[in-house]
Amino acid sequence: MPTPPVDLAADIARLKKSLNAVILAHYYQDAEIQDVADFIGDSLQLARQAAASTADVIVFCGVHFMAETAKILSPHKLVLLPDLSAGCSLSESAPGPEFAAFVARHPGHQVVTYVNSSAEVKALSDYCCTSSNAVAVVEAIPKDVPIIFAPDRFLGDYVARKTGRKLVLWEGSCEIHELFSAEAIQQMQQANPGAKTLVHPECPESVRILGDVVGSTKALLDAVRSGPENATYIVVTEPGIIHQMRRVRPGATFLEAPAEIRGGEKGACTSCNTCPHMRKNTLEKLWWSLTNKAPEIRLEPALIERARKPIERMLAIG
Ligand code: 13P
C-alpha cells in the first residue's frame with residue numbers, strides 16, 4: 001500500500017485532476033474534507049450535483065445511501081465512497097424484504113421514501129424525498145390518495161403536521177437526531193436569551209417545537225446566512241454543519257446542542273451529537289480512495305433502473 005504524502009490536500013487535488021474526479025461532501029463531514037470538496041451540500045443538493053456532473057469519477061464523502069443515490073443517477077460513472085461501511089441508522093431500519101411486506105399490507109398507498117434508505121427500498125417506492133422537499137413531495141400527491149412515509153417516523157410526523165395529511169409511518173429514526181435533549185436545549189435557551197435555535201426535522205416534536213427555524217441542513221445554513229453578523233445560534237443537528245455556518249457568518253456564535261448519552265446512562269453530552277457513520281470518512285481514506293479508485297459503489301443495472309424512477313420524480317418536483 002502506498003504511503004500517504006505529508007500534504008494530503010495537495011495530493012488529493014492532483015489526483016482529482018488526473019482522474020477527472022469531483023468530490024461531493026455532505027455538511028456533516030469533517031471540516032478538512034469539506035475544505036477539499038468541489039461541492040458541499042445537503043442530500044438534495046448533492047443528488048442534483050451527482051446528476052449534473054460531467055466528471056468521470058464521483059467521490060462521495062457522505063454515507064452509503066448518498067453514494068448509492070449518486071450511482072443510481074450516474075450509472076456509467078465510477079462512484080467511490082472513502083469508507084464503504086459508512087452507514088445510516090435510518091437506512092438500516094428498513095431492510096428490503098420487510099419493507100416490501102409492509103408495502104404489500106397497505107394496498108393502494110403511494111410510497112414516499114426518504115433518501116436515507118437503501119436502493120432496494122427506493123426501488124419499492126413511488127417517490128423519494130429529502131428533508132428539503134418532503135413537504136412538497138407529499139403535497140404533490142392528490143389529497144384522497146393514502147401515503148406510506150418511510151423510514152423516518154419523526155420526519156414523517158413533521159410532514160404530516162405541515163401538510164395536514166395522515167401518513168402511514170415506518171418506525172425508523174436517526175440515532176443522532178432522536179437523542180437531542182429538549183431539557184438541555186431549554187437550559188441553553190434560558191442561558192442565552194436572544195439566541196436563535198436551529199433544528200433539523202429528523203428531531204422529535206418535543207425538540208422541534210423549541211426551534212426558531214426547522215429545516216434541512218441547507219435551510220439552517222441559509223437562516224444563518226440571512227441573519228445578523230453577530231447573532232448567537234443553538235445548533236440542533238450534527239455539528240459538522242457549523243464549519244460552513246462559521247464561513248458565512250464569522251462573527252456569529254454557534255452553540256452545539258447536546259444529545260442524550262446512548263445506552264441508558266442519564267445525562268446529555270456534546271460529543272454524543274456527532275454522526276459516527278459520517279465521520280468514518282477521513283482525509284486519508286479520501287486520498288486512498290482516489291489513489292486506488294476504490295471502494296466502488298456497485299449496483300445491479302435492473303435495481304438501478306427501478307430505484308431511479310422515484311428519485312427522478314422527486315427531482316422533477318423541485
Ligand atoms: P439533509 O437533507 O439536511 O441533508 O439531511 C441529511 C441527513 O441525513 C440528516 O441526518
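As the structure lists them, so they are numbered: ligands from 1, and atoms in each ligand from 1. The figures that follow rest on heavy atoms only: side chains count, while hydrogens, waters and symmetry mates do not.
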Original post:
With sequence neighbours left out, what residues match Cys272 under disulfide bond (SG atoms under 2.5 Å apart)?
Top reply: Cys269

**OP:** Could you name the protein residues that come within less than 4.0 Å of ligand 1, counting only heavy atoms, and order them by chain and residue number?
**Re:** His26, Tyr28, Asp42, Ser43, Tyr114, Asn116, Ser131, His177, His200, Glu202, Ser216, Thr217

Original post:
Any side-chain heavy atom of Ile242 sitting closer than 4.5 Å to one from Arg246?
Top reply: yes

Original post:
Do you know the tightest heavy-atom contact between Phe102 and Leu169?
Top reply: CZ-O, 3.9 Å

Subject >> Residue list, side chain to side chain donor-acceptor pair (under 3.5 Å) with Arg105, at least two apart or on another chain >> reply: none

**OP:** Name all residues meeting the side chain to side chain donor-acceptor pair (under 3.5 Å) criterion together with Asn20; count only those two or more places apart in sequence or in a different chain, and write none if there are none.
**Re:** Asp56

Subject >> Matching residue for Gln34 among His26, Gln244, Arg247 - test: side-chain hydrogen bond (donor to acceptor under 3.5 Å, both in side chains) >> reply: Gln244

